[in-house]
Amino acid sequence: MEMNLKAKLKMSAVAVDMKKRALIAPSILSADFSKIGEEIREVESAGCDLIHVDVMDGHFVPNITIGPTVIRSIRKVTKLPLDVHLMIEDPIRYIKEFRDAGSDWITVHVEACQDVSLTLKQIKKLGAKVGISLRPKTGIGAIRPFLAEVDLVLVMTVEPGFGGQKFMPQMVQKIKELRPVFEGLISVDGGIAPDTARVTREAGVDIFVAGSAIFNAKDRKKSIGDLRQAFM
Ligand code: DX5
Ligand code: ZN
């Protein structure tokens, strides 16, 4: 009986959480890097909430993007929190550099860490918000032991590595499995556009990362508005 009540209370806390405003995090992977400052200012003035930065090392994923030097420059052009998604092998080696460069949220992949718990502790110790992410093929079981240590779970809805891929609808089930057991923020990344934002919002997602849906649109303000509209 008591267990039932506890479970019910837990569910109602989650329901209340879900009324929170959904946050939009444009991924600059699809932006024009020759004018990255302007690109960021444009999405900031269009009302987005975080700037998502994809860091890739050519090992954990088959693509190479940017590192702390570029993050340090980006830090100067926006007041928004920098949501840094590390798709790099053994990320603990670089956490301090990324934090010093101005990262506010640091997310690591469970598959990439030699010692997951130690890596998460290192992020926390440096004063950043702690995130954990998992590839589409990785089940919730892999991150479950660490849920109490993180502020954010970033659910990949495409294979990490490239922007502009198709959303994997099977991932909605993963979000539904995660929502009742995790009270922190759930973020979704890959193939997010108004239709996929709506279904993942219904499954309990708080933060919506979108690259091509925002930066490939002629009117960024409208694309951000269209995403917001999807949550109404
Ligand atoms: C993919 C990255 C994503 C990517 C999303 O590995 O983590 O953040 O930029 O791009 P879209 O929104 O185009 O799928
Ligand atoms: Zn990302």
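If you read the sequence from its start, that first residue is 1, and numbering goes on from there. Small disclaimer: the values here were computed from a predicted structure and weren't measured. First listed ligand is number 1; within each ligand, the first listed atom is number 1.
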Revision key, fill the gap. Checking heavy-atom distances from atom 9 (O) of ligand 1 to each of Ala210, Ala25, Ser27, the winner is Ser27
Practice item. May I ask you to check if ligand 1 and Ser212 share an N or O to N or O distance below 3.5 Å? Key: yes
Review point. Hey, does the Lys NZ or Arg CZ of Arg135 hover above the aromatic six-ring of Phe60, less than 6.0 Å from the centre and inside 45° of the axis?
Key: yes
Exercise for review: Using distance alone, determine whether Pro160 and ligand 1 share an N or O pair under 3.5 Å.
Suggested key: no
Review point. What pairs of residues pass the salt bridge (charged side-chain N to carboxylate O under 4.0 Å, His left out) test when at least one of them lies in residues 100-114, not counting sequence neighbours?
Key: Arg75-Asp104, Lys96-Asp100
Practice item. Using distance alone, decide if ligand 1 has a nitrogen or oxygen within less than 3.5 Å of any nitrogen or oxygen in Met56. Key: no
Exercise for review: May I ask you to say whether Arg220 pairs ionically with Glu39, meaning some side-chain N is under 4.0 Å from a carboxylate O?
Suggested key: yes
Check your understanding: Is atom CZ of Phe146 surrounded by more than 12 heavy atoms (other residues, nucleotides or ligands) closer than 6.0 Å?
Key -> yes
**Study point:** Test of proximity, Gly191 against ligand 1: N or O pairs below 3.5 Å
**Key:** yes
Practice item. Kindly confirm or rule out an N or O of Ile192 lying under 3.5 angstrom from an N or O of ligand 1. Key: no
Practice item. Return the number of protein N, O or S atoms with a distance to the Zn ion (ligand 2) smaller than 2.8 Å. Key: 4
Review point. Charged N to carboxylate O under 4.0 angstrom, Arg228 versus Asp49?
Key: yes
Check your understanding: For the residue pair His109 and His85, does the interplanar ring angle fall in the parallel (under 30°), tilted (30 to 60°) or perpendicular (over 60°) class?
Key -> parallel
